Amino acid sequence: MSVRVRMAPSPTGEPHIGNVRTAVFNWLFARKMGGRFILRVEDTDRTRYQPETVEVMMDGLRWLGLNWDEGPGLEELQRMGIHPEAAAKYAVGGPCGPYIQSERLDQYREVAAELLERGWAYRCNCTPERLERVRQRQRANKELVMYDRHCRDLPPDTISPHEPHVIRLKVPLEGQTILHDVIKGDVVFENSGIDDQVLLKSDGFPTYHLAVVVDDHGMEITHVIRGDDWIPSTPKRVLIYQALGWQPPVYCHVPLVLATDGKKLGKRHGATSITQFREQGYLSEALFNFLTLVGWAPGGGEEQEIFGRDELIAAFDLFRVNKASAVFSYDKLDWMNGVYIRELAEEALLERLLPFWQRAGLVPDPCPDEERERLRLVVPLVQERLKRLGEVVEWTGFLFGEIEPPPADKLVGKKMTPQESLVALQQARARLAGVESFDAETLEALLRGLADELALKAGSLFGILRWAVTGQQVSPPLFGSLAALGREKTVARLEAAESVLAAAGQGNP
RNA sequence: GCCCCCAUCGUCUAGUCUGGUCUAGGACACAGGCCUUUCAAGCCUGCGACAAGGGUUCGAAUCCCUUUGGGGGUACCA
């Protein structure tokens, strides 16, 4: 039987990086096994439903290269209220649709009715208030907190199908339910500790527990790969499979992704949504590579860490995934992203950088050819310095618009007097104004020559020039920066710097 | 409280299943050095772990038990 796995996000918020990592495992496994990766939208929680996030999720998956083989079709997406253009872009369809749970309600009701008939479920009309009271009492008495089965053994017709009620699973009072998990091994639960879970809510929507079983079965999912925070509730679903006489999927509970403080990664820990990673300038291939390595490693003495997509597919082994949860290291991600940035061809990097410059308002969109020519000069200057593409704005800000003239003390070189520094700046300006070709190589030769003539250490001279021209202590390499800035602006900034120095000198002879 | 999962450097991990080759390997981070026009990048060096206690065994990071620690779950959320 061919492998079928799924990613089943619920559209209740921004796609969380932990879920995305799990999606990566699913995708990798499907590709490795020549199986199918299916996208299903689990929108059964109507109170937390945020329709926009469906598109954000699909966009994020595509961006990461996690293409799905089956998923919501065009009309389904449009019915969800997704813009026709976007819907067309993300529509995939498939033989097991609909791939949106809110469009499968009939199936859940049917199965719930069957469970009722088989004596594996019962109606319950307890109010939320009563339920809350029961829970409070249980907590106060330090008992197991779960439904007290008040309606479980009511005579058959006590609760009419027409009054508001829920349908609950009738969990056996005794015995054990075993979860066979390929990563964690067998996990045994006492049935006495399993809650009579609600399967069908009073609004007619199923809970996750019912819906996921019906859909996984209907969509012939072979392997359920998901976070291990689902383990405690899995026996309920195993029981539903038993009740229905269905074959359960192979369960693979993968470890959670934690923040540096050891807690489940959350918003206050930094970027958690895939959108944020993208906006900060992580390359999708780097993030993909990194995500693969949180909770999994190739093993066998393999010490490589940078893997191409195909290498990853070949090397990935679901059954080698770790049991223990892993902390998400932004530091290591930054390093890896830097590696990928450095590997990019210059033109490709330029292409990726452009939107960041444009979003910061530094470069017009579309980018005129001559500006592009100029940016071609700056790419190699920043390439090995960037960890995230977004950082290019800080690195190159001085090349666009005007800068604040630097304070006088920054314009005095090491072991130099203000007067000497002023002369050096003037000399540099005069030569730069007259030099024939304004390219990095020529400028370097010129300025090294000047340092020699003035008997200055090259570093001292370059330091004050850097301050004068970039307004910063730290900048991309000087000569390339000058070339990218252009003669006119370079000369103007030197002039401005000279004025600052001269003015300071007069006030303090 | 109750249930469940987990446990190798600060972090990600290799090694655990099939005990000996492990005075525990790699990567990130950190520290120092080299290179150098600043910052990076690169190169070199250093720091740094088998949670604890009991077993089993000639021998345990590897097998068993207990403790401790961490995490997750405990909804008409997913």
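This is a predicted model, so every value here is computed, not measured.
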### Rounded distance in Å between the C1' positions of B:G26 and B:C9
12 Å
### Protein-nucleotide distance (A:H253, atom NE2; B:G71, atom C1'), rounded to Å
15 Å
### Query
Taking the same atom, P, in B:C63 and in B:C6, what whole-Å distance lies between them?
13 Å
### Query
CG of A:L293 versus P of B:G26: gap in Å, rounded?
17 Å
#### Entry: Watson-Crick or G-U counterpart of B:C35, or none if no pair lies under 3.5 Å
none
### Query
Expressed in whole Å, how much space separates the P atoms belonging to B:G55 and B:G15?
30 Å
### Query
Looking at A:L105 and A:G204, what are the two nearest heavy atoms and their distance?
CD2-O, 4.4 Å
#### Entry: Side-chain donor or acceptor of A:N26 paired with backbone N/O of A:V5 under 3.5 Å
no
### Message
Please confirm whether the shortest side-chain N or O distance from A:N322 to OP1 or OP2 of B:A14 is below 4.0 Å.
### Response
yes
### Message
Of the options B:G72, B:A78, B:C6, whose atoms approach the side-chain atoms of A:P232 most closely?
### Response
B:G72
### Minimum-distance nucleotide to A:F462 side chain [options: B:G72, B:A78, B:U37]
B:U37
### Query
In the structure shown, which nucleotide is the Watson-Crick or G-U wobble counterpart of B:U66, with both distances under 3.5 Å?
B:A52
### Task
Look at the side chain of A:R342 and decide which nucleotide, out of B:C4, B:A41, B:G15, has an atom nearest to it.
B:A41
### Message
Run the ring pair (Phe, Tyr, Trp, His ring centres under 6.0 Å) test on A:F328 and A:F277 for me, step by step, so that the C-alpha distance in whole Å, both residues' side-chain angles and the decisive distance to 0.1 Å come before the verdict.
### Response
CA-CA 13 Å; A:F328 189 97; A:F277 285 93; 5.7 Å; yes
### Rounded distance in Å - CZ (A:R320) to P (B:C12)
16 Å
### Query
Considering only side-chain heavy atoms of A:D331, which listed nucleotide, B:A29, B:U37, B:C5, is closest?
B:A29
### Query
Taking the nucleotide of RNA chain B with the closest heavy atom to each, which residue, A:D43 or A:R139, is nearer the 5' end?
A:R139
### Query
When the C1' atoms of B:A52 and B:U8 are considered, how many whole Å apart are they?
15 Å
### Task
Would you mind telling me which residue lines up with the more 5' stretch of RNA chain B, A:F189 or A:V294, judged by nearest nucleotide?
A:F189
### Message
Using side-chain heavy atoms (C-beta onward) and a distance below 4.5 Å, is A:W335 in contact with A:F290?
### Response
no
### Inter-nucleotide C1' distance (B:A27, B:U74), Å rounded
38 Å
### Check: A:R487/A:T490 side-chain N/O donor and acceptor closer than 3.5 Å
no
### Task
Consider only side-chain N and O atoms of A:E453 and A:Q427, and report whether a donor and an acceptor are under 3.5 Å apart.
no
### Task
Can you tell me the distance, in whole Å, between the CG atom of A:D186 and the P atom of B:C5?
11 Å
### Message
In whole Å, I'd like the distance from the CE atom of A:M336 to the C1' atom of B:A29.
### Response
14 Å
### Query
Heavy-atom distance under 4.5 Å between the side chains of A:L179 and A:H253, does that happen here?
yes
### Task
In whole angstrom, give me the gap between the P atoms of B:A24 and B:U67.
31 Å
### Query
So how far is it from A:Y340 OH to A:K387 NZ, rounded to the nearest 0.5 Å?
15.5 Å
### Query
Heavy atom of residues 160-177 of chain A under 4.0 Å from RNA chain B: which residues?
A:V166, A:R168
### Query
Looking at the side chain of A:L131, which of B:A78, B:C5, B:C76 is the nearest nucleotide?
B:C76
### Query
Which of residues 466-477 of chain A sit near RNA chain B, with a heavy atom under 4.0 Å from it?
A:R466, A:Q473, A:V474, A:S475, A:P476, A:P477
### Query
Who passes side chain to side chain donor-acceptor pair (under 3.5 Å) against A:R130, sequence neighbours left out?
A:D148
### Message
When the C1' atoms of B:C5 and B:C44 are compared, how many Å lie between them, rounded to an integer?
### Response
43 Å
### Message
From CH2 of A:W395 over to C1' of B:C39, roughly how many Å is that when rounded to an integer?
### Response
4 Å
### Residue A:K332, side-chain atoms from C-beta onward, closest of B:G26, B:A14, B:A78
B:G26
### Separation between the C1' atoms of B:A31 and B:G71, rounded to whole Å
32 Å
### Side chain of A:R48 (C-beta onward), nearest among B:A7, B:C77, B:C4
B:C77
### Summary
Of the candidates B:U74, B:A78, B:G72, the side chain of A:V145 sits closest to B:U74
### Query
Do the side chain of A:S325 and the base of B:C6 come within less than 3.5 angstrom through a donor-acceptor pair of N or O atoms?
no
### Query
Rounded to the Å, how far apart are A:L144 CG and B:G73 P?
17 Å
#### Entry: Salt bridge A:R40-A:D216, side-chain N to carboxylate O under 4.0 Å
yes
### A:R385 side-chain proximity, nearest of B:C39, B:C4, B:U37
B:C39
### Message
From C-beta outward on A:K323, which listed nucleotide comes closest to its side chain: B:A7, B:G73, B:A29?
### Response
B:A7
### Query
Are A:F205 and A:Y108 an aromatic pair by the rule of ring centers under 6.0 Å?
no
### Interatomic spacing from CD in A:E42 to OH in A:Y208 - rounded to 0.5 Å
5.5 Å
### Query
Expressed in angstrom and rounded to an integer, what is the separation of A:R133 atom CZ from B:C76 atom P?
15 Å
